[in-house]
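Hydrogens, waters and symmetry mates are skipped; everything else that's a heavy atom, side chains included, is used. When a residue number appears, it is its place in the shown sequence, counting from 1.
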Amino acid sequence: QVQLVESGGGLVQSGGSLRLSCAASGRSCSSYAMGWFRQAPGKEREFVARITRSGITTYYADSVKGRFTISRDNAKNTVYLQMNSLKPEDTAVYFCAADSAQFGSSLPRQYDYWGQGTQVTVSS
C-alpha cells in the first residue's frame, strides 16, 4: 500500500503559478504510475495529468497542456504538478493518485490510491 499527501495549494491571482507536491509513504511511488486529478464544486472529478512509472512519458488534459507540468522524483518519493498561467477555471480541489499499472490512465476508476486533496483557488 501507499499513502499520498498533497500540499502546495492556495489562493493565487489569475496568471500566477503554484507547485503542488504529492508525498508518498509506505510502498515506493516508483512502483506506480501517478496522476493528478481535480474536482470543482458540482462537477465530476477530471483528469489533469499523469506520468508513467519511469517518468519518461507524460500526458495532459487539453485544458492544461502547455501550462502545467507533471514530474516525479522517485528518490524523494514525490510527484509534482507545476501550474503556470493559472485561470479562474482551474479552481478546484486537486488530488494525486497512484495506479499500479505501468503507464497509468486518464480514468479515475483505474487508480488504486488517492490523497485527500489540496484546494487551489484562482481569483480573477
Side-chain angles (χ1 to χ4, degrees):
Q1 280 195 345
V2 64
Q3 293 78 44
L4 304 173
V5 178
E6 303 94 336
S7 61
L11 174 64
V12 63
Q13 287 189 332
S14 182
S17 298
L18 283 174
R19 188 175 83 154
L20 305 183
S21 299
C22 174
S25 60
R27 193 174 179 187
S28 170
C29 72
S30 62
S31 300
Y32 302 92
M34 299 295 294
W36 284 97
F37 292 80
R38 66 188 181 186
Q39 188 165 17
K43 295 189 176 181
E44 292 187 352
R45 191 165 299 189
E46 67 172 359
F47 167 73
V48 175
R50 62 185 173 98
I51 187 166
T52 56
R53 283 186 196 170
S54 65
I56 292 175
T57 308
T58 57
Y59 304 85
Y60 297 93
D62 287 344
S63 59
V64 307
K65 204 171 293 183
R67 300 188 298 123
F68 291 11
T69 303
I70 187 172
S71 62
R72 67 190 302 160
D73 185 338
N74 286 341
K76 294 184 178 179
N77 241 7
T78 303
V79 178
Y80 304 97
L81 185 68
Q82 177 67 44
M83 306 186 296
N84 298 328
S85 302
L86 282 161
K87 305 175 181 180
E89 51 263 43
D90 295 317
T91 295
V93 178
Y94 283 70
F95 299 88
C96 72
D99 183 356
S100 57
Q102 182 175 358
F103 299 109
S105 170
S106 301
L107 299 174
R109 66 174 181 266
Q110 297 293 103
Y111 285 75
D112 303 296
Y113 303 99
W114 292 83
Q116 83 291 346
T118 186
Q119 176 70 47
V120 171
T121 304
V122 184
S123 63
S124 57

Shared hydrophobic cluster for [X] and [Y] (ILVMFWY, side-chain gaps under 4.5 Å):
X   : Y   : result
V93 : F68 : no
I70 : V64 : yes
V48 : L18 : yes
W36 : F95 : no

- Item | More than 12 heavy atoms of other groups within 6.0 Å of K65 NZ | yes

Between [X] and [Y] (side chain of the first, backbone of the second, donor and acceptor by atom type, cut-off under 3.5 Å), is there such a pair?
X    : Y    : result
Y111 : S105 : yes
R72  : S54  : no
N77  : C29  : yes
E46  : R38  : no

To the nearest 0.5 Å, how far apart are [atom1] in [X] and [atom2] in [Y]?
X    : Y   : atom1 : atom2 : result
D112 : D99 : CG    : CG    : 5.5 Å
Y94  : E6  : OH    : CD    : 12.5 Å
S7   : R19 : OG    : CZ    : 9.0 Å
S124 : K87 : OG    : NZ    : 14.0 Å
Y60  : R50 : OH    : CZ    : 11.5 Å

- Query: Is R67 salt-bridged to D90, going by a charged N under 4.0 Å from an acidic O?
  - Reply: yes

- May I have the step-by-step check of ring pair (Phe, Tyr, Trp, His ring centres under 6.0 Å) for F47 and Y59, ending in yes or no? CA-CA 10 Å; F47 167 73; Y59 304 85; 7.9 Å; no

- Item | 4.5 Å side-chain heavy-atom contact, Q82 and N84 |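 They are in contact (side-chain heavy atoms under 4.5 Å apart), so the answer is yes.
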
On a heavy-atom basis, which atom in [X] and which in [Y] lie closest, and how many Å separate them?
X   : Y    : result
A49 : L81  : CB-CD1, 4.2 Å
A92 : A40  : CB-N, 3.9 Å
M34 : L4   : CE-CD2, 3.9 Å
G9  : V120 : CA-CG2, 4.1 Å
T52 : I56  : OG1-N, 3.6 Å

- Task: Walk me through it: do Y113 and R27 pass the test side chain to side chain contact (heavy atoms under 4.5 Å, CB included)?
- Result: CA-CA 11 Å; Y113 303 99; R27 193 174 179 187; over 6 Å; no

- List the steps and the verdict of side chain to side chain contact (heavy atoms under 4.5 Å, CB included) for T91 and Q119. CA-CA 8 Å; T91 295; Q119 176 70 47; 4.0 Å; yes

- Where does the angle between the aromatic ring planes of W114 and F37 fall among parallel (under 30°), tilted (30 to 60°) and perpendicular (over 60°)? tilted

